[in-house]
Amino acid sequence: MTIDLHCHSRASDGALSPQELVAHAAACGVEMLSITDHDTVDAYALINRHEPLPLRLVPGIEFSAHWRNRGVHVVGLNVDPGCASLNEAVTRQRLARDKRAERIAERLEKAGAANVLEGATRLADGAPVGRAHFARHLVDTGFVSCAREAFRKYLGDGKPGDVKHVWPGLETVVEWIRDSGGIAVLAHPARYKLTGARLAMLVDEFRRAGGRGIEVISGNQTLDVTRRLGTLCADSGLLASCGSDFHRPECPWARLGRFPALPSACRPVWSEWMS
Ligand code: AMP
Ligand code: MN
Ligand code: MN
Ligand code: MN
């Protein structure tokens, strides 16, 4: 079965509407999909649950959190998008994002960029404003030549536009996910550029906070990384997830549902809702 449990729609910083994303995933052969927008479940309100879908949709979200002076992401899978406490959490994250957007805009304007908050807000078009929208504004106004440059110079880890202390701790976001009936999964563990020992510490603290799984496969990582994460996952007694972190069809390195098999020692997270 082709499964992809991490991707983004226009309800956050993806390029496709939720309906287009579902259709595109089905055309790519995906049979089970979770749309995991940053800090919002709005995509699920835009999909008509009464119309037959071309694949099995597992409601999800990608929460922003804070761990030891670092921004980390936690995916919630099989959540109830209508759950009141989840929607309170989403509102709280929205306020944090708005506050963060103001700070990011101030810092980018100090660095010489213009109309930053207005530009990024317009590009977000009602979605929670994220760094991808700031990057696009910097490209569109000619301040940088591409999104990569925007992140490398202004928005990436440790750069002026990297404002992360607005986010709640791991325990809080894991609790939000559990309260809405979902399974908390640590997103793209290899992307935090942690040493093996620090990553093991993060995974251990995540597990003790009630986290149940990690993304053993994320996007187009190397087989070596997949093997190491598979071992960490199995040794920690956690469930294994896989997701492309797809944002737009133009990125050939992050296509929907193109994965190698999970390492055999791993128990797949979907066994939790398929049994
Ligand atoms: P945010 O949730 O607002 O902190 O933004 C995180 C998002 O920024 C990620 O999900 C990606 O969509 C995007 N992003 C992060 N790093 C990069 C990068 N180096 N190049 C392009 N996009 C990036
Ligand atoms: Mn994103
Ligand atoms: Mn992420
Ligand atoms: Mn993501």
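Both counts, for ligands and for their atoms, begin at 1 and track the order of listing.
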Peer 1: Of all the N, O or S atoms in Asp13, which one sits nearest to the Mn ion (ligand 2)?
Peer 2: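 It is OD2 of Asp13.
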Peer 1: In Å and rounded to the nearest 0.5 Å, what is the CZ to NZ distance from Arg198 to Lys193?
Peer 2: 15.0 Å
Peer 1: Under 4.5 Å between side-chain heavy atoms, hopping through other hydrophobics if needed: is there a path connecting Trp176 to Val166?
Peer 2: no
Peer 1: Would you check if the side chain of Tyr192 reaches a backbone N or O of His73 as a donor-acceptor pair within less than 3.5 Å?
Peer 2: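 Yes, the answer is positive, given that a donor and an acceptor are paired below the 3.5 Å cut-off.
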Peer 1: Given the rule that I, L, V, M, F, W and Y join up when any side-chain heavy atoms are under 4.5 Å apart, are Ile61 and Leu95 in one cluster?
Peer 2: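 No, no single cluster joins them.
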Peer 1: How close do Ser17 and Ser9 get, counting heavy atoms only, and between which atoms?
Peer 2: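 Closest approach of Ser17 to Ser9: C-CB, 4.3 Å.
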Peer 1: What are the protein N, O or S atoms, given as residue plus atom name, that sit under 2.8 Å from the Mn ion (ligand 4)?
Peer 2: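 Only His6 NE2, His8 NE2, Glu62 OE1, Asp245 OD1 fall inside 2.8 Å of the Mn ion (ligand 4).
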Peer 1: Would you tell me whether Asp245 and Ser218 have side-chain atoms, one donor and one acceptor, within less than 3.5 Å of each other?
Peer 2: no
